Structure formats: structure tokens, C-alpha cells
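Letters A, B, ... mirror the listed sequences (proteins, then strands); counts begin at 1. This one's a predicted model, so the numbers in the text were calculated from it and none came from an experiment.
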Number of protein chains: 2
Amino acid sequence: MSEMQLRDALDSLKGTGVRITPQRHAILEFLVGSMSHPTADDIYKALEGKFPNMSVATVYNNLRVFREVGLVKELTYGDSSSRFDFVTTDHYHAICQDCGKIVDFHYPGLDEVEHLASHVTGFKVNNHRMEVYGSCQDCSEKKEAH
Amino acid sequence: MSEMQLRDALDSLKGTGVRITPQRHAILEFLVGSMSHPTADDIYKALEGKFPNMSVATVYNNLRVFREVGLVKELTYGDSSSRFDFVTTDHYHAICQDCGKIVDFHYPGLDEVEHLASHVTGFKVNNHRMEVYGSCQDCSEKKEAH
DNA sequence: GTCTTTCTTTATAATCTTTATAAATAGTGT
DNA sequence: ACACTATTTATAAAGATTATAAAGAAAGAC
């Protein structure tokens, strides 16, 4: 199924006139297969084996291209570096403040919030972002055991 | 009324054993009076006149102290630098993707989301974050006029 | 298949934000 | 006013991201 996602992504790139290079292919493939919301550097390191000469700039450039086309979302938390998430279906993130783990979860409709916000602020609202913060199961258990 | 907020904030600092220096006073005062969600550099520049010798590190250090005490929230969006928001009542942000303007708006309860997330992921959820993105009134009008 | 054009990659340096360090300075309670 | 300790300052360092220019590779035309 993730192969289908990858193929769709590649088609979508072709449709917008973006060239498909081996590096782009590999970055997309890694993102689709990754459940871990990697940083640019994670991706760079992960592909070092396959592309020993690849530049960090290439990773950043292509992540920007993917973001502009809408294939990838950039997540910015408190920590220093952005994380990147392949856009599949709408989901939100639960983030552990102790170990940094990120877990996806679904929630039906926050459209109402968009409508209210639009009404109150006069904005034309396109999308929104939401996360919940706390301690994941492992970390809460560790804390309870002192 | 913002004087009251400032006094409360200073009291709250004293209560936690944090010393009140002229720099801290000024940074808090600026944050309370500012509706613009400034960056650390904005604050630094704004106080240059009053404190010609103040170091950037002082601004960062104190913003961290304020954040740890809970007086200030750090907002990280896609752009390079964090913004800082004096915590008053719970509110959310609408962010213009064209001009960067940030407008506050209130929304009753997203507690339900926290509960669901907690149930689905096993997290102990402490808090959440939400923003809506779009075009502010000025920018949408400009776009319609071609 | 080859050519040509244009986009992309690479390597490197530069920029910008944020943090670390150590010495000098200033709050706070007594 | 004194002493203790936190804070500020100045500076340097770290880390992430972007800019630049030359070399290399996609994609379509022939």
C-alpha cells in the first residue's frame, strides 16, 4: 500500500512539472516508509549509504519542493530542527515531552473551529494544525515507579 | 489593565524565587503591552534604547525563564525564529500565510480532543496547541483585486 | 539514439538563530 | 552595609538552513 502512495506521489510530481531524480525518489520513498517524522538530517543520514555524494542542500531543497507541491508537511516544535511528514490522510500528533516520541491519532472534525475562527477574525481559513502534548505510556510508567 | 497583568506577573516571579532585574521588568512590560507576538530579536531591538548594553543572551535567557515559570508561551511556526506570547487567558491563533499577521481568537473547548487523544494513544495529555492558517482580510482583498 | 535546454545536484561558504562560557555585576535577605 | 548567589554581559561556539556557482543529469525535440 505504501508503494501505491509512492507512485501517486511521483505521478503528482510529474503533473506539476517537477523532475524525478533518483534523490527525489529516494527521499520520497524514505518518507512514505517512515513512521518516525524524520528531520532533514535524519533523511540525509539514512540515504548516505545509497548516495554517498548527496549534499544536505539537496535534502532541504527537495523537502521544500515537496512541501510546495503539498506532498509533505513541515512540523516545527520547540526543538531546533523541523520534522517532515508525508501527507496521507488527515491526522493529528500526540507528542511526548519526555522522550520526543510522536504518535498519530485521528479526530473527526475540527472544521467547526475553522469556521468560527474565520468568522471572528475575518480570515479566509485554508487549514489548521493541532497537537497534544504530554507523556507517552512508557514515560508515564517510568515516572510513577520513581 | 495591562499594568495589573504586569504586576501579577512580577508577583508570580517573586513567588518562585526569580529575581526581578530591570531587564526582566522591561521584557515583561514589553510583552504585556505587545499584541504582536514578537521574536527574541524584536524584543532585543525594542529595548536597545533603554538598555544599550543589554546582551541578546539576556533576552533568550529570560524568555526561557518566563516560559519555565509559565508566564510566556513559545510559538514555533515555519519561519526561522520563535515568537513569544504573554500568557493571559486561553486563546488560539489565526496566522496569515501572506503577510505573517497573527490574530488571537477564542474557542470554548478542545478538552474533548485531549481526552480522545489520551484514550487512543495511551498518553497522559497535559495540553495542546492549535492554529488556523489562511489569508487575513487585507491580504484576501488584495488578491481579489488582482 | 543524440542534442539541447533547463532544472537539479554538488560542494562550499555564508547567514541566522540559539546556546554555552567565564568574568564582571547587581539583587535579596540579614 | 555585607555576603551570597543569581544574573548580566561579551564573546565565542554550535547548529540548522539558505545562497552561490560550477558540474551534472532529466525530458522532450529531432
Side-chain angles (χ1 to χ4, degrees), chain A residues 9-30 37-69 71-84 100, chain B residues 9-30 37-69 71-84 100:
Chain A
L10 292 172
D11 286 351
S12 152
L13 276 185
K14 259 186 208 148
T16 57
V18 174
R19 289 186 187 166
I20 295 166
T21 66
Q23 294 88 339
R24 285 187 177 151
H25 191 115
I27 294 173
L28 271 182
E29 193 174 22
F30 181 76
H37 311 82
T39 64
D41 198 56
D42 291 338
I43 300 171
Y44 177 64
K45 288 213 174 69
L47 301 180
E48 237 173 9
K50 220 181 270 181
F51 298 90
N53 299 340
M54 186 167 62
S55 162
V56 219
T58 299
V59 177
Y60 279 101
N61 286 340
N62 290 330
L63 286 172
R64 185 179 46 220
V65 170
F66 298 157
R67 190 190 53 204
E68 284 167 359
V69 174
L71 284 176
V72 160
K73 263 199 183 167
E74 181 172 0
L75 314 171
T76 58
Y77 305 130
D79 55 352
S80 43
S81 42
S82 291
R83 294 163 175 284
F84 295 87
Chain B
L10 293 172
D11 286 353
S12 150
L13 276 184
K14 261 187 205 150
T16 58
V18 173
R19 288 184 186 168
I20 294 166
T21 66
Q23 292 89 338
R24 284 187 177 152
H25 190 117
I27 293 173
L28 271 182
E29 192 175 21
F30 180 76
H37 312 80
T39 64
D41 198 56
D42 291 337
I43 299 171
Y44 177 62
K45 287 215 175 66
L47 301 179
E48 236 173 8
K50 219 183 270 183
F51 298 90
N53 298 340
M54 185 167 64
S55 164
V56 218
T58 299
V59 177
Y60 279 101
N61 285 340
N62 290 330
L63 287 172
R64 185 179 46 220
V65 169
F66 297 157
R67 190 190 54 201
E68 284 166 357
V69 173
L71 285 175
V72 161
K73 262 198 184 168
E74 182 172 359
L75 315 172
T76 58
Y77 305 132
D79 55 350
S80 44
S81 41
S82 290
R83 296 163 173 284
F84 295 88

Legend entry - side-chain hydrogen bond (donor to acceptor under 3.5 Å, both in side chains) against A/Thr58, all qualifying residues, sequence neighbours excluded: none
Legend entry - Set of residues satisfying salt bridge (Lys or Arg N to Asp or Glu O under 4.0 Å) with respect to B/Glu74, sequence neighbours excluded: B/Arg67
Inset, instruction - Could you pull out all residues at least two apart from A/Thr21 that satisfy side chain to side chain contact (heavy atoms under 4.5 Å, CB included)? - result: A/Gln23, A/Arg24
Legend entry - Residues in salt bridge (Lys or Arg N to Asp or Glu O under 4.0 Å) contact with A/Lys45, at least two apart in sequence or another chain: A/Asp41
Inset, instruction - Apply side chain to side chain contact (heavy atoms under 4.5 Å, CB included) to A/Ala26 and list each qualifying residue two or more places apart in sequence or on a separate chain. - result: A/Leu47, A/Phe51
Inset, instruction - Report the residues that fulfil salt bridge (Lys or Arg N to Asp or Glu O under 4.0 Å) with B/Arg19, sequence neighbours left out, ordered by chain and then residue number. - result: none
Inset, instruction - Five pairs at each end of the helix from C/dG1-D/dC30 to C/dT30-D/dA1: take the axis at both ends and give me the angle between them to 10°. - result: 40°
Legend entry - For A/Thr16, all residues meeting side-chain hydrogen bond (donor to acceptor under 3.5 Å, both in side chains), sequence neighbours excluded: none
Inset, instruction - Applying salt bridge (Lys or Arg N to Asp or Glu O under 4.0 Å), name anything that partners B/Arg83, two or more places apart in sequence or on another chain. - result: B/Asp79
Inset, instruction - Check each residue of residues 54-65 of chain B for a non-hydrogen atom within less than 4.0 Å of any atom in DNA chain C, then write out the ones that pass by number, or none. - result: B/Ala57, B/Tyr60
Inset, instruction - Give the first and the last nucleotide of DNA chain D, reading 5' to 3', that has any atom under 4.0 Å from a heavy atom of chain A. - result: D/dA16 to D/dA27
Legend entry - Base versus backbone protein contacts along nucleotides 24-29 of chain C [heavy-atom cut-off under 4.0 Å; B, S, -]: ---BS-
